[in-house]
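Chain A is the first sequence line, chain B the second, and so forth, proteins listed ahead of strands; every chain is numbered from 1. Just so it is clear, the structure is predicted and the values come from calculations on it, not from any experiment.
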2 protein chains.
Amino acid sequence: MAYRILENPDLESALKTIKEGLMRNHLLIIIGECYIDYEGRSASKLGLGERIVIIKQDGAVLVHRPKGYSPVNWQPSTTTIEVWLRSGEGLSLLAARNRPCEYLRILFTKIFTIIEGVFHDSAEFVMYLSESEIRDIIFENPDLLEPGFKMLEKEKRIGQGAVDIYGLDSNNNHVLVEIKRVMGDREAVLQLYNYVENYRSGVENNVRGILLAPSFTPGALELLAKLKLEFKEIDLRKLRLLSQSSKKKPNSTLFEYMNEKGRD
Amino acid sequence: MAYRILENPDLESALKTIKEGLMRNHLLIIIGECYIDYEGRSASKLGLGERIVIIKQDGAVLVHRPKGYSPVNWQPSTTTIEVWLRSGEGLSLLAARNRPCEYLRILFTKIFTIIEGVFHDSAEFVMYLSESEIRDIIFENPDLLEPGFKMLEKEKRIGQGAVDIYGLDSNNNHVLVEIKRVMGDREAVLQLYNYVENYRSGVENNVRGILLAPSFTPGALELLAKLKLEFKEIDLRKLRLLSQSSKKKPNSTLFEYMNEKGRD
DNA sequence: ACATCTATATCGCCC
DNA sequence: GGGCGATGTAGATGT
C-alpha cells in the first residue's frame, strides 16, 4: 500500500494533496473541523465540528461524526468533486452529481491530518449460506423439510434446468423442492412450476412441488395456491447454527466460540 | 482535538494503542490489511485486503473498503469490543453484541497507521428547512396556504411574542398563521391560540388561526378542533423544490449554481 | 434475466 | 413521546 500522511498541513498544502489524490483516484481520509451542507432529495446543514471525511477511490464521499454507526452525510460514487480555497474562510469541497441532482459541500476551517493513498482490496465478499449451502443443509436434515422425508438427489436435472432437491415423502409421493436464499417471488414459483409440470409428464405418481424461502411475496403465495404448489419458510439463522453445530459441539459462551473459531 | 498518529507500528504497539483508545472511549481509525468475519442475522466473510476500520467514541465499528459508499461490515454502538494478539497470525479484534446476538471479527495481518484521539462535535444536525425558511416560502407563495390569500406581515408582534404570518383571506378575515417545522403538538396549538385570543380582543372582525406543520399529533388535532382553530399539512419536500426554483433562474450547470451559492 | 446499487424515509423498538 | 437503529433487505434501475 502506497500512501502518505500529512500532519497539520496549512490549507495550501492540504489543497494540493487533496487535488493530487482526486486526480489519481486515490483514497483520501481528511480529518478536520468543518461545516457541512447537503441539498438534494432532502437537505441538511451541520455546524462546525471535528469530523472524518473519506473520499473513496471511486469518488464516494462519506462524512462521519465521532459517534453513531451511520454517516451524517454522504454522496455515492456518481460524484464529481471539486476543491478550492476560499480566502479567509477555509478549504471548500464540493461533491455533486446529476441524477438525482444533489450536492454535498464541506467547508474545512481546520485540517488536522490527511491520509492519501492507494488501497488494494480485491477480496471477494461472501455472504454465508448461499443457495447451495442451504440446499446441502436441508439435504442432510430431511426433517427440516418434513418428517419422514427421504432425500434422493441434489440438483436433479429436469428439462433445461435442475431442481434443487428431489426426494420422496412419507407416502412415497415424488417431491421437487426449489430453494431461494431471499424472499420467494412469483418467478421462483414459476420456476418450480415448470419443473413439476415437466417431471409430472414422465411419471404416473403424484408429484408435489415445494418452494423453500426465508419469506414470500404476497404474489408468490397467491400463485402457489393457484398452481397447487406448496411452500415452507426456512429460518436462515437456525440453518446456520445447525450447520455449525453439526461440525462441532457448541461452546458455552460467544467468546469461547470466537476463540475456537479463530484457531481453525 | 487531542489525537496521535502511529505510523507502521508493530502489532504490540498497535495493540497497546487500540486498548488505550478503547479504554478512554476515544475514536480509532485503523488502516491495515485484514480479514473480516461477520455472523449474526446474516453472515459474511471477506478475504485479505487493505481497509479502513473506524471505531467510534460510542463503540460503533465500521469497516470500509477502498470503493463504495457503504461499509462492507459494521457493528452499531451496542457493541463490546475486545482486542488481542494472536501469535504468528496478527491482531484480532472482536466486536460483539447481544440483541441481536452478532459478532464482527477482524484479523489484522498488517497495520499501517492508527489514529487515536478525541473528536469534538456538538453541532446540531438540521434537516429540511428551518422554520423561517418555511415561513418565507409560504409568504412568497400565498396560494400554498389557500387560494386568494393576501400576505401582510411576517413575524407580526402580538403581545409578548410574534406570530409567523399575518394576512387576510379571500373574505377579508384576519388570519394568523403559526408554522412548525416538525410535528405539530398541543403546545404549538396553544401558542397559536394565545396569539389568536390576544389579537381577537383588539379587532371586530373574525380572526382565524391556522397551524402549519408537516404532521400533527392526535392530541394537537383534538385541541385544534376544541379551540376552533384550523390546520394545514405542509410538504417540506415540495416546499424545498419550490424555494429552489423560485429563488433564481435555473443555472446551466450545477457548478454555476454552487459557485453562486458559495458567494452568498 | 441479471446484477448492481441505494436508501437522507419510515418504521419499529427500546428507553 | 422521543430518539436511535434497522433495512446483514426490497425495490429500483441499468445492462
Participant: Considering only distance and modelled atom types, tabulate donor-acceptor pairs under 3.5 Å from the side chains of residues 58-68 of chain B, sequence neighbours left out.
Facilitator:
from	atom 1	to	atom 2	distance (Å)
B:Asp58	OD1	B:Ala60	N	3.2
B:Asp58	OD2	A:Gly68	N	2.8
B:His64	ND1	A:Lys56	NZ	2.9
B:Arg65	NE	A:Asp121	OD2	2.7
B:Arg65	NH1	A:Ala123	O	3.4
B:Arg65	NH2	A:Asp121	OD1	2.8
B:Arg65	NH2	A:Ala123	O	2.5

Participant: For DNA chain D, what is the dot-bracket line, given that a base pair needs Watson-Crick (N1 to N3, plus N6-O4 or O6-N4) or G-U wobble (N1-O2 and O6-N3) geometry with both distances under 3.5 Å, and | means paired with another strand?
Facilitator: |||||||.|||||||
Participant: Counting N and O atoms only, with roles assigned by atom type, does the side chain of B:Asn141 sit under 3.5 Å from a partner on the main chain of B:Leu144, one being a donor and the other an acceptor?
Facilitator: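 Looks like no, no N/O pair under 3.5 Å.
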Participant: Would you measure the distance from the C1' atom in C:dA9 across to the matching atom in D:dG14 and give it in whole Å?
Facilitator: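 Pairwise C1' distance, C:dA9 against D:dG14, rounds to 23 Å.
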Participant: What distance separates A:Asn194 CG from A:Leu176 CG, expressed to the nearest 0.5 Å?
Facilitator: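 One gets 11.5 Å once the value is rounded to the nearest 0.5 Å.
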Participant: What integer distance in Å separates B:Lys180:NZ from D:dG1:P?
Facilitator: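 Rounded to the whole Å, the gap is 16 Å.
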Participant: For D:dA12 versus D:dT7, give the span between their C1' atoms, rounded off to a whole number of Å.
Facilitator: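 Going atom to atom, C1' in each nucleotide, I get 15 Å.
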Participant: Determine whether the side chains of A:Glu102 and A:Tyr38 contain a donor N or O and an acceptor N or O closer than 3.5 Å.
Facilitator: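 Yes, side-chain donor-acceptor contact under 3.5 Å.
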Participant: Shortest non-hydrogen contact from B:Leu239 to B:Ile137?
Facilitator: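 Result for this residue pair: O-CD1, 3.7 Å.
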Participant: Using a 3.5 Å distance criterion without hydrogens, assess whether the side chain of A:Glu50 forms a donor-acceptor pair with backbone atoms of B:His120.
Facilitator: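 Side chain of A:Glu50 to backbone of B:His120, a donor-acceptor pair under 3.5 Å: yes, one is there.
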Participant: At a cut-off of 3.5 Å, list every protein nitrogen or oxygen paired with a nitrogen or oxygen from nucleotides 6-13 of chain D, distance to 0.1 Å.
Facilitator:
from	atom 1	to	atom 2	distance (Å)
D:dA6	OP1	B:Arg97	NH1	2.7
D:dA6	OP1	B:Arg97	NH2	3.0
D:dT7	OP2	B:Arg41	NH1	2.7
D:dG8	N9	B:Tyr38	OH	3.1
D:dG8	N7	B:Tyr38	OH	2.5
D:dG8	N7	B:Arg41	NH2	2.6
D:dG8	N7	B:Glu102	OE2	3.0
D:dG8	O6	B:Trp74	O	2.2
D:dG8	N1	B:Trp74	N	3.3
D:dG8	N1	B:Trp74	O	3.4
D:dG8	N2	B:Val72	O	3.0
D:dG8	N2	B:Asn73	ND2	3.3

Participant: Round to a whole Å and report the spacing from NZ of A:Lys56 to C1' of C:dT6.
Facilitator: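 That distance rounds to 14 Å.
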Participant: For A:Leu46 versus B:Glu124, what's the shortest heavy-atom pair and its separation?
Facilitator: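 So the two residues come closest at CD1-O, 3.5 Å.
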Participant: Using whole Å, what does the distance between atom P of nucleotide C:dT4 and atom CD of A:Glu124 come to?
Facilitator: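 Computing the A:Glu124:CD to C:dT4:P distance gives 10 Å.
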Participant: Report the distance from atom CZ of A:Arg181 to atom C1' of C:dC2, rounded to the nearest whole Å.
Facilitator: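 That distance rounds to 15 Å.
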Participant: Taking the six-membered ring where the residue is Trp, are the ring centres of B:Tyr35 and B:Phe108 under 6.0 Å apart?
Facilitator: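 No; B:Phe108 has its ring centre 6.0 Å or more from that of B:Tyr35.
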Participant: In plain terms, say whether B:Lys180 and B:Glu178 are close enough for a salt bridge, that is, a side-chain N and a carboxylate O under 4.0 Å apart.
Facilitator: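 Yes.
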Participant: Describe the nucleic acid contact of B:Ser77 in one word from base, sugar-phosphate, nothing, applying a heavy-atom distance below 4.0 Å.
Facilitator: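 Sugar-phosphate: the residue B:Ser77, judged by heavy atoms under 4.0 Å, touches backbone atoms but no base.
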Participant: Give the rounded distance in Å between these two atoms: CG of B:Asp58 and P of D:dG3.
Facilitator: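 These atoms are roughly 17 Å apart.
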